[in-house]
Q: 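Below is a structure I'd like to ask you about.
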Protein chains: 4
Amino acid sequence: MTILKQDKGELILAAALDLFEKQGFDGTAVPEIAEAAGVGTGTIYRYFATKEELFNALYGRWRGAYNDFVLAEFPPGLSIRGRFGGYWRRMIGFAKQHPHATRFLELHHHAPHLDETNRELSQRYLDVANTFFAEGVATGELKDLPPRLAVALMWGALMALIKLEAVMPLEEATIAGAEACLWDAIRKHA
Amino acid sequence: MTILKQDKGELILAAALDLFEKQGFDGTAVPEIAEAAGVGTGTIYRYFATKEELFNALYGRWRGAYNDFVLAEFPPGLSIRGRFGGYWRRMIGFAKQHPHATRFLELHHHAPHLDETNRELSQRYLDVANTFFAEGVATGELKDLPPRLAVALMWGALMALIKLEAVMPLEEATIAGAEACLWDAIRKHA
Amino acid sequence: MTILKQDKGELILAAALDLFEKQGFDGTAVPEIAEAAGVGTGTIYRYFATKEELFNALYGRWRGAYNDFVLAEFPPGLSIRGRFGGYWRRMIGFAKQHPHATRFLELHHHAPHLDETNRELSQRYLDVANTFFAEGVATGELKDLPPRLAVALMWGALMALIKLEAVMPLEEATIAGAEACLWDAIRKHA
Amino acid sequence: MTILKQDKGELILAAALDLFEKQGFDGTAVPEIAEAAGVGTGTIYRYFATKEELFNALYGRWRGAYNDFVLAEFPPGLSIRGRFGGYWRRMIGFAKQHPHATRFLELHHHAPHLDETNRELSQRYLDVANTFFAEGVATGELKDLPPRLAVALMWGALMALIKLEAVMPLEEATIAGAEACLWDAIRKHA
DNA sequence: AATGAATGAGTGTTCATTCAT
DNA sequence: AATGAATGAACACTCATTCAT
């Protein structure tokens with residue numbers, strides 16, 4: 001009732017996450033996913049109409065989890081600096097807990113296979129980020145930059161850090177150091 | 001018979017750059033490249049023994065050009081800040097002039113198809129970057145961070161910017177703003 | 001659902017035997033075999049990893065059957081002449097029952113595609129023949145020839161006969177006549 | 001004017017003989033022949049319209065030479081035994097002088113690529129042989145066998161010998177021994 | 001006359017998808 | 001519901017043939 005009685009759909013998604021992240025969409029064969037999931041090839045098609053649909057279900061699942069985790073509301077009144085730190089800790093926390101999923105999300109962020117729903121999910125993330133930066137600019141705490149630029153810089157830095165983690169595990173000092181760097185990057189200096 | 005008569009090898013490389021960047025290695029079919037290049041399928045194999053060899057020739061060509069352009073020596077005595085700006089301007093300059101190539105390089109930085117020579121070319125780039133940051137840390141101008149972390153943050157931010165450029169052309173103000181952000185990110189503050 | 005339901009692997013082997021014998025290894029395309037077998041092209045690769053493996057499976061199967069049939073032990077005490085006749089009848093019997101297979105074996109006796117196992121199977125056949133002739137020479141019943149020469153002459157004559165059968169079916173008188181010729185060829189005359 | 005000034009057609013035929021004998025018709029690529037002949041690929045098509053035509057020209061050339069050499073008239077009045085020995089020596093002589101060509105002829109004796117002219121050349125050879133055996137049967141010197149059978153046995157034995165030569169050079173004793181065997185095979189015994 | 005770069009139909013092989021069980 | 005054998009379109013790659021030079 002715990003591990004043994006897993007839904008096969010879940011087993012398939014788990015195997016697909018692993019393989020798509022390692023080999024990419026085109027480099028991964030459906031029977032390969034089936035074998036890794038321990039199900040028959042045909043079974044995959046009982047849960048997902050096509051390989052693309054499986055891919056989008058997987059992306060949607062993790063992008064949704066990511067958004068839910070990172071974009072949750074903060075206690076009202078939290079400062080820009082506090083929220084920045086919060087976002088940072090959440091993103092890092094998610095990445096440390098789900099490194100495969102995080103790399104999968106990054107790798108396929110612009111994949112041509114993404115459907116409209118998933119594009120919107122990705123966009124929602126950007127919208128929140130843009131709003132946050134706009135607010136920080138308005139309060140004068142952040143540099144007067146186009147929010148998209150700030151978001152891009154933060155996101156890119158984060159992703160590079162995630163990739164780094166595959167080689168060199170991120171310790172608390174590193175994480176805190178990176179946070180300081182990035183806060184210095186965007187805050188307005190005296 | 002003059003301008004029309006381009007080397008077919010070059011036409012093939014140009015078409016491959018475009019397609020590999022858009023669709024990735026596994027997502028691009030050799031006949032697709034041939035058609036985009038305006039040559040017969042078989043012709044590709046007169047210039048490159050395999051699809052992998054074509055890929056590596058392409059990567060090597062652009063990684064070489066990138067390294068030559070970005071890593072060229074600076075005038076002696078240039079400050080850390082000056083060199084940081086120099087690197088930044090060169091990287092942005094290259095990216096603006098060759099956006100497809102830059103994205104291609106980023107996308108396949110860790111591709112399993114890269115041969116040893118190309119892996120070394122990629123490494124050379126990282127070595128120079130690491131050395132630069134170590135020096136800046138030693139002079140006390142940069143934050144005391146592991147150089148790999150600093151490099152990762154810079155590189156990731158740059159790549160995010162490159163991707164952004166596909167959507168929103170980078171103006172001078174944006175470039176300068178990003179440079180200021182990143183310098184603030186790494187420099188030691190009073 | 002009974003007789004119609006043949007193993008596809010067998011259908012493939014049967015079609016391949018026919019085509020390899022008529023057209024040789026390089027002259028036979030895998031889709032051609034598939035069509036002759038009445039299966040899809042891809043199906044062949046569910047049974048045999050490569051064309052070479054199919055070829056070797058086919059060769060091994062028939063060389064094994066041939067050896068089992070022809071090289072079976074004789075009742076002890078049987079004379080050289082008796083054994084010669086026995087071998088002859090078995091070889092002819094096999095060839096009449098499996099003419100395609102026999103020609104296939106002859107055609108590919110020295111094929112570069114044969115794997116080690118099959119080379120050994122071919123060699124085993126020659127070893128028995130050499131031993132038989134050596135024994136006949138030792139008893140004084142056969143001419144004092146190098147066994148390899150005698151084996152070559154016999155084998156060559158047999159194969160020519162097999163090819164002849166494709167044009168002119170072998171009757172009992174012909175078979176007996178040929179046996180008499182060949183026995184006269186190798187026996188020591190007064 | 002001797003070796004340097006060879007006709008390119010001859011160079012091509014010589015290279016083709018070598019490769020067809022080693023690799024078969026389907027296993028040999030036209031550019032491979034061109035390279036072995038030291039000419040350009042296109043040049044082959046100035047001498048032979050297609051690969052098949054080259055093959056047939058080659059076969060015709062050697063089959064013609066073989067027939068001319070082996071089937072030449074004997075001095076009138078030569079006995080059956082004498083003529084048998086004559087044929088044998090000529091066949092062996094040709095094979096020793098032109099081992100590649102002999103194996104090439106044997107290998108492609110029944111090739112599907114042979115044109116009508118070449119089929120007739122092969123047939124002429126069989127006709128002479130058949131006539132010879134029929135005459136020997138008529139004089140009572142040879143066993144009363146269908147000539148085709150006798151010819152098949154002789155030809156097969158010869159070819160086996162030729163193949164043997166590739167492994168174990170034929171000495172005079174071997175050749176004479178084989179001749180004795182084969183004469184014993186066909187002559188009528190007391 | 002001679003070439004070899006160029007080609008596209010054809011090769012061996014893979015894989016997303018189907019379907020009888 | 002679950003399977004995995006079966007498939008054929010598509011893949012990477014080859015080669016007989018052509019043709020501009």
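None of the values given here were measured: they were computed from a predicted structure. Residue numbers start from 1 in every chain, and the chains themselves are labelled A, B, ... in the order their sequence lines are given, proteins ahead of strands.
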Q: Closest-nucleotide mapping onto DNA chain F: is A/I44 or C/G40 further toward the 5' terminus? I mean the 5' end.
A: A/I44

Q: Any sub-3.5 Å donor-acceptor pair from C/N56's side-chain atoms to C/N118's backbone N or O?
A: no

Q: Specify the separation, in whole Å, of atom CD1 of A/I12 and atom C1' of F/dG4.
A: 14 Å

Q: Only distances under 3.5 Å count here; give the side-chain donor-acceptor pairs of residues 32-45 of chain A to other protein atoms, sequence neighbours excluded, each with its distance to 0.1 Å.
A:
residue, atom, partner, partner atom, Å
A/E32, OE1, A/A29, N, 3.0
A/E32, OE2, A/Q23, NE2, 3.1
A/T43, OG1, A/G40, O, 3.4

Q: Among all residues two or more places apart in sequence or in another chain, which pass the ring pair (Phe, Tyr, Trp, His ring centres under 6.0 Å) test with D/F48?
A: none

Q: Can you name the residues that form a salt bridge (Lys or Arg N to Asp or Glu O under 4.0 Å) with C/R61, not counting sequence neighbours?
A: C/E10

Q: C/Y59 and C/S122: side-chain donor and acceptor closer than 3.5 Å?
A: yes

Q: OP1 or OP2 of F/dA1 less than 4.0 angstrom from a side-chain nitrogen or oxygen of A/Y47, does that happen here?
A: no

Q: Is the ring pair B/F104/B/F20 parallel, tilted or perpendicular, if the boundaries are 30 and 60 degrees?
A: parallel

Q: Represent DNA chain E in dot-bracket notation, 5' to 3'. Only Watson-Crick or G-U wobble pairs with both distances under 3.5 Å count; pseudoknot-style crossings use [ ] and interstrand partners use |.
A: .||||||||||||||||||||

Q: Grab the CD-C1' distance between A/E35 and F/dG4 for me, whole Å please.
A: 12 Å

Q: Side-chain contact, heavy-atom cut-off 4.5 Å: B/W62 with B/T102?
A: no

Q: What is the distance, to the nearest angstrom, from the CZ atom on B/R46 to the P atom on F/dA12?
A: 20 Å

Q: Once you apply a heavy-atom cut-off of 4.0 Å, does A/F48 come out as touching a base, just sugar-phosphate, or nothing?
A: nothing

Q: Can you name the residues that form a salt bridge (Lys or Arg N to Asp or Glu O under 4.0 Å) with C/K51, not counting sequence neighbours?
A: none

Q: For nucleotides 9-17 of chain E, read 5' to 3', which letter fits each nucleotide if B means a protein heavy atom sits under 4.0 Å from the base, S means only the sugar-phosphate is that close, and - means neither?
A: ---SBB-SB

